[in-house]
Colleague: 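Supplied in structure tokens, the structure appears directly below.
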Amino acid sequence: MRLATWNVNSLNVRLGHVLDWLATADVDVLCLQELKLTNEKYPQAELRAAGYESAINGQKTYNGVAILSRLPMADISADMPDYADQQRRVIAATIGGVRIVCAYFPNGQSLESDKYRYKLDWLDAMQAYVARQLAQHPRLALLGDYNIAPEDRDVHDPAAWEGQVLVSPKERAAWSALLGQGMVDCYRLFEQAEKSFSWWDYRMLGFRRNAGMRIDHVLASPQLATDCRACVIDRAPRKLEKPSDHAPVVADFAA
DNA sequence: ATGGCTCGTGTAACGAGA
């Protein structure tokens with residue numbers, strides 16, 4: 001079973017890239033973030049023609065997430081039930097015996113911002129949500145744009161970024177707490193090239209200079225992680241005309 | 001030099017992203 005996550009930064013703009021990528025990526029499930037469109041405007045027909053059904057939690061202008069699957073989906077659930085959120089950032093479904101959670105973690109903007117406080121509260125809620133999901137689903141995958149670079153090796157210039165949003169101690173503590181629940185960073189199960197990133201700033205020739213961060217992740221529960229055979233970041237779509245600033249991350253599981 | 005680009009909105013700048 002092949003699972004992927006991709007922050008597309010507007011599905012309107014990126015639909016062509018998504019369809020082209022699905023045609024060759026051979027993934028069973030694709031989690032999308034930053035749709036920036038409502039459920040009414042979701043391109044259901046085009047994706048269905050490509051062989052994928054969708055579970056959608058859309059929002060106008062900002063946020064919005066979806067799970068695309070070429071296998072049957074069950075028990076679709078939008079948002080975190082015990083966290084009242086105006087922003088559409090979470091959708092979950094059970095596919096092929098795996099509980100899939102697709103999440104767009106808040107950015108936080110800066111440590112002084114109200115958005116940072118919101119991010120920390122949201123991270124607390126996600127912690128509790130994952131605990132409940134784990135209790136119910138031994139085979140759990142949490143895929144998405146975490147807006148957290150877990151370690152300094154996930155940052156192109158750790159000195160310049162030290163203490164800032166995406167790498168602050170409180171954000172990294174939230175990441176560590178997810179690992180503390182048993183969740184496994186699939187990407188680090190395997191040997192990877194140095195300076196492997198999943199996001200590059202549009203400005204300053206970020207991609208050409210490989211000035212990026214690894215902030216898009218696939219975490220798997222202990223039982224599911226034992227079946228993980230590979231995890232890669234596919235940089236190819238980032239090289240296209242008008243790309244998303246994020247690249248897809250793909251994780252391959254036996255059975 | 002704290003910007004630099006790309007979105008949506010709406011049809012001009014501006015907020016937001018990271």
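In what follows, every chain begins at residue 1, and chains take the letters A, B, ... in the order their sequences are listed.
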Colleague: With the side chain counted from C-beta on, respond yes when A/L47 and A/L19 share a heavy-atom pair under 4.5 Å apart, and no when they do not.
Modeller: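 Yes, their side chains come closer than 4.5 Å.
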Colleague: Indicate whether OP1 or OP2 belonging to B/dT9 is found under 4.0 Å from a side-chain N or O atom of A/K60.
Modeller: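 Yes, within the criterion.
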Colleague: A/K119 has an atom NZ; how far is it from atom P of B/dA16, in whole Å?
Modeller: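 My rounded result for the distance is 16 Å.
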Colleague: When the C1' atoms of B/dA18 and B/dT6 are compared, how many Å lie between them, rounded to an integer?
Modeller: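 The same atom, C1', in both gives a distance of 12 Å.
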Colleague: Using a cut-off of strictly less than 4.0 Å, decide whether A/Y104 has a side-chain nitrogen or oxygen near OP1 or OP2 of B/dA18.
Modeller: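 Yes, within the criterion.
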Colleague: Students often get this wrong, so: under 4.0 angstrom with heavy atoms, is A/Q164 touching a base, only sugar-phosphate, or nothing?
Modeller: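 No contact.
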Colleague: The criterion is ring-ring contact (aromatic ring centres under 6.0 Å, His included); which residues satisfy it with A/W21, sequence neighbours excluded?
Modeller: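 ring-ring contact (aromatic ring centres under 6.0 Å, His included) check on A/W21 returns A/W6.
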Colleague: For B/dA16, does either OP1 or OP2 sit under 4.0 Å from a side-chain N or O belonging to A/K36?
Modeller: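 For B/dA16, OP1/OP2 do not have a side-chain N/O of A/K36 under 4.0 Å.
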Colleague: Using a 4.0 Å heavy-atom cut-off, does A/V165 contact any base of the nucleic acid, only the sugar-phosphate backbone, or nothing at all?
Modeller: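 No contact.
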Colleague: Check for a donor-acceptor pair, side chain of A/R2 on one end and backbone N or O of A/V250 on the other, with a separation under 3.5 Å.
Modeller: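 It does not hold such a pair.
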Colleague: Assuming nearest nucleotide by heavy-atom distance, tell me which of A/W161 and A/N12 is located more 5' along DNA chain B.
Modeller: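 Residue closer to the 5' terminus by nearest nucleotide: A/N12.
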Colleague: Calculate the interatomic distance between A/H17 atom NE2 and B/dT6 atom P; express it in whole Å.
Modeller: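 Checked: the NE2 to P distance equals 13 Å.
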Colleague: Is there a side-chain contact between A/K119 and A/L166 in this structure, where contact means two heavy atoms from C-beta onward sitting under 4.5 Å apart?
Modeller: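 Yes, close enough: below the 4.5 Å cut-off.
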Colleague: Are a donor atom and an acceptor atom from the side chains of A/N57 and A/D79 found within less than 3.5 Å of each other?
Modeller: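 Result is yes, a qualifying pair exists.
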Colleague: Can A/M1 be reached from A/L189 by stepping across I, L, V, M, F, W or Y side chains whose heavy atoms are under 4.5 Å apart?
Modeller: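 Unlinked, A/L189 and A/M1 end up in two clusters.
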Colleague: Please write out the pairs of protein N or O atoms and N or O atoms of nucleotides 1-5 of chain B separated by less than 3.5 Å, giving the distance to one decimal.
Modeller:
none

Colleague: For A/Y116 and B/dG17, give me the distance from atom OH to atom P, rounded to whole Å.
Modeller: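 To the nearest whole Å, that distance equals 15 Å.
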Colleague: A/Y62 side chain: which of B/dA16, B/dG17, B/dG8 is closest?
Modeller: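 Ranking B/dA16, B/dG17, B/dG8 by closest atom to the A/Y62 side chain puts B/dA16 first.
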Colleague: Quick one: label A/N147 by what it contacts on the DNA or RNA (base, sugar-phosphate, nothing), any heavy atom closer than 4.0 Å.
Modeller: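 Here A/N147 touches the backbone only, sparing every base.
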Colleague: Remember a base hit wins even if backbone is also touched, and classify A/N63 as base, sugar-phosphate or nothing at under 4.0 Å, heavy atoms.
Modeller: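 No contact.
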Colleague: Send over the distance from A/H246 NE2 to B/dC7 C1', rounded to a whole Å.
Modeller: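 After rounding, the reported distance stands at 12 Å.
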Colleague: Provide, to the nearest angstrom, the distance between the CG atom belonging to A/L35 and the P atom belonging to B/dA16.
Modeller: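 My rounded result for the distance is 19 Å.
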Colleague: Closer to the 5' end of DNA chain B via nearest nucleotide, is it A/I215 or A/P243?
Modeller: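 Per heavy-atom nearest nucleotide, the more 5' residue is A/P243.
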Colleague: Starting from P on B/dC7, measure out to CG on A/L37 and report it in whole angstrom.
Modeller: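 The answer, rounded to whole Å, is 14 Å.
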Colleague: With side chains defined as the heavy atoms from C-beta onward, is the minimum distance between A/K170 and A/L123 less than 4.5 Å?
Modeller: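 SC-SC contact between A/K170 and A/L123 ruled out.
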Colleague: Looking across every strand, which nucleic acid part, if any, lies under 4.0 Å from A/F105 by heavy atom: base, sugar-phosphate, or nothing?
Modeller: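 Contact class for A/F105: none.
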Colleague: Return the value, rounded to whole Å, for the distance between atom CD1 of A/I148 and atom P of B/dA18.
Modeller: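 From A/I148 CD1 to B/dA18 P: 12 Å.
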Colleague: Distance check needed: B/dG17 P versus A/D245 CG, whole Å only.
Modeller: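 After rounding, the reported distance stands at 12 Å.
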Colleague: Contact class for A/D216 vs. all strands (heavy atom < 4.0 Å): base, sugar-phosphate, or nothing?
Modeller: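 Here A/D216 touches no strand at all.
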Colleague: Which residue in the set A/F197, A/Y187, A/W175 passes ring pair (Phe, Tyr, Trp, His ring centres under 6.0 Å) when paired with A/H217?
Modeller: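 It is A/W175; the other options fail the test.
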Colleague: For B/dA1 versus B/dA13, give the span between their C1' atoms, rounded off to a whole number of Å.
Modeller: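 Looking at atom C1' only, B/dA1 and B/dA13 are 23 Å apart.
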Colleague: Taking the P atom of each, how far is B/dG10 from B/dC5, in whole Å?
Modeller: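 Roughly 25 Å separates the two P atoms.
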Colleague: B/dA16 phosphate, OP1 or OP2: any side-chain N/O from A/K115 under 4.0 angstrom?
Modeller: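 Yes, within the criterion.
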